[in-house]
There are 2 protein chains.
Amino acid sequence: MIEHTGSGDPARTLALLWRTQERVSRKGKPDLSVDRIVRAGIELADSDGLKALSMRRVAESLGVGTMSLYTYVPGKGELIDVMVDTVQATTGRETAQGWRAHLTYVARENLALYRRHPWLLQVAPSRTVLGPQVAAKYDFELRGLDGIGLSDVEMDSVLELVLGHVQNSARGLTAAAVTEKETGLTDQQWWDAAAPFLMTVFDPARYPVAARVGGAVGEAHQSAFSPEHSFEFGLEMLLDGVGRLIESRAL
Amino acid sequence: MIEHTGSGDPARTLALLWRTQERVSRKGKPDLSVDRIVRAGIELADSDGLKALSMRRVAESLGVGTMSLYTYVPGKGELIDVMVDTVQATTGRETAQGWRAHLTYVARENLALYRRHPWLLQVAPSRTVLGPQVAAKYDFELRGLDGIGLSDVEMDSVLELVLGHVQNSARGLTAAAVTEKETGLTDQQWWDAAAPFLMTVFDPARYPVAARVGGAVGEAHQSAFSPEHSFEFGLEMLLDGVGRLIESRAL
DNA sequence: CTACCGTACCGTATCGTGTACGGTACAGAG
DNA sequence: CTCTGTACCGTACACGATACGGTACGGTAG
């Protein structure tokens with residue numbers, strides 16, 4: 001289940017993200033607000049996953065009617081957009097010495113973000129959410145790459161590459177937990193149910209390398225060691241490549 | 001919208017993937033079949049996206065009632081699983097000289113696969129679909145990394161890293177098209193609608209680097225050059241890192 | 001040839017979505 | 001007190017997946 005966001009008018013979405021509406025509201029007593037709704041949405045998604053996020057459930061958790069939400073938020077897509085932007089603010093902004101330490105820090109912070117909010121992986125990254133928190137984070141992350149010889153486009157490409165790797169790693173790290181909640185089946189249970197059947201059908205003669213490697217990976221996975229190591233190992237490789245690029249630009 | 005797959009019994013799903021059921025069916029005249037259903041599903045997803053894939057629409061395109069599908073397929077999740085497995089068979093299997101050429105070939109083939117079937121990006125990669133085509137592809141892709149000094153787990157990690165990069169690149173490359181279909185808005189239209197508002201709110205003083213780099217990336221994007229280049233550039237970096245690893249293992 | 005029965009197919013119903021529309025009730029202004 | 005704008009919500013609709021209980025027919029047993 002990949003959720004698409006921001007259904008309609010971009011200007012409307014942006015106004016919401018940047019809170020431009022100046023909700024004066026003399027009349028009536030608004031006990032609801034965009035922030036309360038967004039907070040409730042984040043809580044719900046954190047605990048039960050994106051699939052469980054419905055307007056009805058958000059409204060219930062706030063003790064209001066479903067349609068009341070639409071006074072503050074144009075629709076579900078936009079709500080998710082604001083949730084995404086809001087959550088970016090929780091990443092750290094420490095300045096590190098040098099681009100390599102900076103990118104390592106950025107990678108770790110983003111990985112932690114995905115761990116706190118696994119549902120971010122379920123949101124389709126189709127059109128970037130251009131909210132204030134996203135902008136601030138983007139600015140911070142680029143700042144550590146500024147003035148070391150890379151072009152603007154290269155800075156963006158490098159950052160994108162690192163963040164992409166983080167996202168892949170996050171998938172590996174949180175997949176088990178998310179899938180377990182989604183399907184109600186432990187990885188172990190799933191394997192136990194699948195294994196006997198696979199035995200009869202997965203011919204090691206037809207797939208010799210896959211069988212051997214798959215087996216080894218399965219064993220390594222049980223020691224719960226592989227995903228973290230894979231993250232660090234991939235990051236090192238990337239940074240080495242980036243280092244070479246920077247050196248070539250510095251000449 | 002990320003679609004989750006394979007709802008229920010793993011054994012049932014695997015039996016479906018490997019076509020173990022031996023549908024003898026003396027009685028009645030089955031003009032329907034798993035393959036026909038899967039083909040229809042792939043066609044529908046190719047042209048209209050995963051979001052448009054509903055049991056009703058698949059049934060309609062086959063000229064049968066919705067519930068008839070359930071005679072052959074346990075549910076929508078399992079249908080998607082079979083679709084995913086089926087589509088893997090279309091990737092090339094040419095043997096290349098050396099691991100670097102092999103990985104480059106594998107990366108390109110996978111990128112092409114995503115281009116042919118963008119909906120693959122919308123399927124949650126939660127639990128690998130262990131079908132015959134996936135197994136065959138995995139085996140082929142690993143074979144080119146066998147016997148060059150890497151451990152089994154390392155072989156898998158390297159492959160995963162490359163495929164992850166391909167997936168990220170595929171997102172960049174196809175995002176525009178998919179999002180356009182999903183939202184009915186061109187990137188250009190979206191920007192035109194968003195730009196005037198962003199001007200008023202996106203303070204270059206607050207986000208100096210982001211503003212500069214974002215602008216440059218936007219311009220580069222218009223020349224439709226960046227994503228392909230980003231794919232190649234990232235791949236080179238990864239392969240350099242892998243080369244270093246292999247050298248260190250060869251000692 | 002008839003009776004039977006297993007199976008392919010499907011009509012209907014249930015429950016869950018997002019959200020459009022038309023109220024209702026209340027707070028503040030005149 | 002009247003008027004009006006707004007916060008909130010009840011209901012309805014158009015989808016979605018899929019459980020359940022038929023129906024109709026082809027092959028087989030007698």
Check your understanding: Just checking, is any N or O donor in the side chain of B:Ser169 or B:Arg171 under 3.5 Å from an acceptor N or O on the other one?
Key -> no

Give every pair of a protein N or O atom and an N or O atom of nucleotides 12-17 of chain C that lie under 3.5 Å apart, one pair per line with the distance.
residue	atom	partner	partner atom	Å
C:dT17	O4	A:Arg56	NH2	3.4

Point to revise | For atom CG of B:Leu69 and atom P of C:dC9, their distance in whole Å | key: 10 Å

Review point. Does A:Tyr72 place a side-chain N or O at less than 4.0 Å from the phosphate oxygens OP1/OP2 of D:dC8?
Key: yes

Check your understanding: Counting only side-chain N and O atoms of A:Thr71, is one of them less than 4.0 Å from OP1 or OP2 of D:dA7?
Key -> no

Check your understanding: When the distance from CD1 of B:Ile80 to C1' of D:dT18 is rounded to whole Å, what number comes out?
Key -> 15 Å

Review point. Does the A:Asp156 side chain pair with the main chain of B:Val217, one donor and one acceptor, at a distance under 3.5 Å?
Key: no

Exercise for review: Would you kindly give the CD-to-P distance between B:Glu60 and C:dC9, to the nearest whole Å?
Suggested key: 17 Å

Revision key, fill the gap. When rounded to whole Å, the CG to P distance for the pair A:Leu62 and D:dC8 reads 11 Å

Practice item. Verify whether one side chain among A:Arg115 and A:Thr174 offers a donor that lies under 3.5 Å from an acceptor in the other. Key: no

Exercise for review: Could you tell me the separation between the CG atom of B:Leu50 and the P atom of D:dG16, rounded to a whole number of Å?
Suggested key: 14 Å

Practice item. Walk me through it: do B:Lys137 and B:Glu141 pass the test salt bridge (Lys or Arg N to Asp or Glu O under 4.0 Å)? Key: CA-CA 6 Å; B:Lys137 176 159 164 288; B:Glu141 289 169 346; 3.3 Å; yes

Review point. Near B:Arg206 CZ, under 6.0 Å, is it more than 12 heavy atoms from other residues, nucleotides or ligands?
Key: no

**Study point:** B:Glu109 side-chain N/O to B:Gly92 backbone N/O, donor-acceptor pair under 3.5 Å
**Key:** yes

